[in-house]
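A short worksheet on the structure shown next.
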Amino acid sequence: MTIQRPKGTQDLLPGTVEQWQYLEETMRSVCRDYGYDEIRTPMFEATELFQRGVGQTTDIVNKEMYTFLDKGDRSMTLRPELTASVCRAYVENKLYGQPQPVKLFYIGPMFRYERPQSGRFRQFHQFGVEVLGADQAVVDAEVISLVWDLYRRLGLTQLEVHVNSVGCPVCRTKHRALLQEFLSTRREELCKDCGDRYDRNPLRILDCKNATCQAVTIGAPTTRDTLCEDCSTHFGRVLGLLGVAGVVYRVNPRLVRGLDYYTKTAFEVMVEEIGAQSAICGGGRYDGLVEEIGGPPTPGFGFAMGLERILAALQVKHLLPEEKPKLFAMLVALGEKAQTEGFSLLSALRTHELPVSMDLLSRSLKAQLKAADRLGARYALILGEEELEKKVLVIRDLTLGEQIEVPLNQAVEEIHKMYQRGVNA
RNA sequence: GUGGGUGUGGCGAAGUGGUUAACGCACCGGUUUGUGGUACCGGCAUUCGUGGGUUCAAGACCCAUCACCCACCCCA
């Protein structure tokens, strides 16, 4: 094998693609029911969009972007996430001039230059929702319950929904300062990573997996302690509405999200049993983002979920639908004359939109029947020398092992009738 | 970027220095000329990721290299 696919990418082959289609259809139907419309934006954008939109301090921008210069020396980047793009599209297409809020969803590939591992790819796929132009707590609650509802429809239970409020920029700065002050005396005890995090992003120390860091942070000021009145009221309202919608959640004061743009509500959904990368959905409110990228001040709320990880969860929990046979009948033709006649018969059947197929290797009768069986065809339509002479077609029921002869000139009509019966049964 | 693991036919997998590289699945063909799914028979790796080295002798030992997997970081 000489040329291989790029690291961290995958070929989705028949058998797997059907699972993706099932997942995507379920996502689309939930969105339709909730009144969200699909948006499709470019696979790549000006690098600056992500630098400003996602944030200069984030790992995504610092070390994970697929960036290249195009032939006009413009710096372009394959999209690592879509919230920034959707906001850009909102501004660029003046969607703020339409009835507000604008409720959008997307499904598509994202790109991040990382070392692949279980549940992590360089090209991966996200489904996401963004609501722009409404700062009400109901928005937060509606979007989170949409997520909840999707999982319910997929049969995914026993997952954890973590909710928190990281506050507005004011409470956030306050919290950060308090936290650094709290940790300052015990900074030596922190692990190496947390030492780095102390200056860069002290909030992350709160959810470090290291046991000693966990111990050090006991009693540390949480985001909740520093919320201003507005943020606090908002958060309370969100939780109340989630309760009304029947969403089972857990307030996790240590939940912080890695992207710079989050304000107020942040949430995450985790599933065990799919490896170390257990977050299958993450999102929250981002009231400053649209303005940050040059648009009018516009509140926003959204999330992204990873299709690969959800599929992994559905897999281990055996929640993926079984593949159904797609073929109704298989033409078995023997000899060139029969093949010609059969080809004509198939064409006729196909104009009626019947799922029918034929042997393409001119194999023996036996081999063709075997193939028909493998492909899960219900009927084999046998046409050989004898049948041509008698001007008949043998229709063999492969599940019953019985066969009948019908006049060739009535075959299309007969098969069509059988198909209708099968569909209605 | 760091650490660990693995690399034998389409897939799974024996083999731990010595003649022709097990086996299972899949695939293809056959079991008297035109009837599948079961059974039986046969076929299917001049070769063990790649390149060097040690040795009379290497898939097995050593070195390098590449690829994949897992974990950290971070995230979907």
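Note that the structure is predicted; figures quoted are calculated from it, not measured. Below, chain A is the first sequence line, B the second, and so on; all start at residue 1. Just so you know, these numbers use all the heavy atoms, side chains as well, and skip hydrogens, waters and symmetry mates.
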What is the base-pairing partner of [N], counting Watson-Crick and G-U wobble geometry with both distances under 3.5 Å?
N: rG59(B); result: none
N: rC40(B); result: rG30(B)
N: rC72(B); result: rG1(B)

Point to revise | Which residues share a side-chain hydrogen bond (donor to acceptor under 3.5 Å, both in side chains) with Gln368(A), sequence neighbours left out | key: none
Between atom [atom1] in [X] and atom [atom2] in [N], what is the gap in whole Å?
X: Lys7(A); N: rG1(B); atom1: NZ; atom2: P; value: 9 Å
X: Ile310(A); N: rA76(B); atom1: CD1; atom2: C1'; value: 9 Å
X: Ile205(A); N: rC74(B); atom1: CD1; atom2: P; value: 10 Å
X: Arg79(A); N: rA76(B); atom1: CZ; atom2: C1'; value: 14 Å
X: Leu82(A); N: rC75(B); atom1: CG; atom2: P; value: 18 Å
X: Asp373(A); N: rG36(B); atom1: CG; atom2: C1'; value: 5 Å
X: Arg309(A); N: rC75(B); atom1: CZ; atom2: P; value: 11 Å
X: Glu405(A); N: rU35(B); atom1: CD; atom2: C1'; value: 13 Å

Gap in Å between the two [atom1] atoms, one belonging to [N] and one to [M], rounded:
N: rU65(B); M: rC25(B); atom1: C1'; value: 33 Å
N: rC48(B); M: rU38(B); atom1: C1'; value: 36 Å
N: rA13(B); M: rA22(B); atom1: C1'; value: 10 Å
N: rC44(B); M: rG24(B); atom1: P; value: 15 Å
N: rG17(B); M: rG30(B); atom1: C1'; value: 41 Å
N: rG12(B); M: rG49(B); atom1: P; value: 14 Å
N: rA14(B); M: rU20(B); atom1: P; value: 23 Å
N: rG3(B); M: rU46(B); atom1: C1'; value: 40 Å

**Study point:** Toward the 5' end of RNA chain B, by each residue's nearest nucleotide, Arg112(A) or Leu398(A)
**Key:**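 Nearest nucleotide further toward 5': that of Leu398(A).
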Study note, to complete from the structure: RNA chain B nearest-nucleotide lookup for Ala276(A) and Glu308(A): closer to the 5′ end is Ala276(A)
Review point. Do Glu160(A) and His162(A) have side-chain N/O donor and acceptor atoms under 3.5 Å apart?
Key: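 On atom types as modelled, these side chains qualify, holding a pair under 3.5 Å.
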Any base atoms under 4.0 Å from [X], or only sugar-phosphate, or nothing? Heavy atoms, all strands.
X: Lys366(A); result: base
X: Leu307(A); result: nothing
X: Ala372(A); result: nothing
X: Phe121(A); result: base
X: Ile280(A); result: sugar-phosphate
X: Gly384(A); result: base
X: Glu81(A); result: nothing
X: Ala380(A); result: nothing

Can you tell me if the side-chain N/O atoms of [X] get under 4.0 Å from OP1 or OP2 in [N]?
X: Gln117(A); N: rC72(B); value: yes
X: Arg5(A); N: rA67(B); value: no
X: Arg115(A); N: rC69(B); value: no
X: Arg374(A); N: rC28(B); value: yes
X: Gln277(A); N: rC72(B); value: yes

Quick check for you: among [options], whose closest atom lies nearest to any side-chain atom of [X]?
X: Ala279(A); options: rA76(B), rA71(B), rU35(B); value: rA76(B)
X: Asp59(A); options: rG34(B), rG36(B), rC74(B); value: rC74(B)
X: Glu64(A); options: rA67(B), rC74(B), rA76(B); value: rC74(B)

Lys/Arg N to Asp/Glu carboxylate O, [X] vs [Y], below 4.0 Å:
X: Arg52(A); Y: Glu48(A); answer: yes
X: Glu273(A); Y: Lys317(A); answer: yes
X: Glu142(A); Y: Lys103(A); answer: yes
X: Lys174(A); Y: Asp225(A); answer: no
X: Lys326(A); Y: Glu18(A); answer: yes

Exercise for review: Name every residue in residues 123-130 of chain A that has at least one heavy atom under 4.0 Å from any atom of RNA chain B, in order of residue number, or write none if there are no such residues.
Suggested key: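 Residues of residues 123-130 of chain A under 4.0 Å from RNA chain B: Phe124(A), Gln126(A).
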Exercise for review: Write out all pairs satisfying ring pair (Phe, Tyr, Trp, His ring centres under 6.0 Å) with one or both partners inside residues 383-414 of chain A, taking only residues at least two apart or from two chains.
Suggested key: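 Passing the test, one end in residues 383-414 of chain A: no pairs.
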Review point. Does any N or O donor sit under 3.5 Å from an N or O acceptor when you compare the side chain of Gln368(A) with the base of rU35(B)?
Key: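 Flag unset: no donor-acceptor pair detected.
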Practice item. Using the side-chain hydrogen bond (donor to acceptor under 3.5 Å, both in side chains) rule, take Tyr34(A) and Asp149(A) through it: C-alpha gap first, then chi angles, then the decisive distance, then the call. Key: CA-CA 10 Å; Tyr34(A) 276 73; Asp149(A) 206 6; 3.0 Å; yes
Exercise for review: Could you tell me whether Arg122(A) sits above the aromatic face of Tyr113(A), with NZ or CZ closer than 6.0 angstrom to the six-membered ring centre and within 45 degrees of the axis?
Suggested key: yes
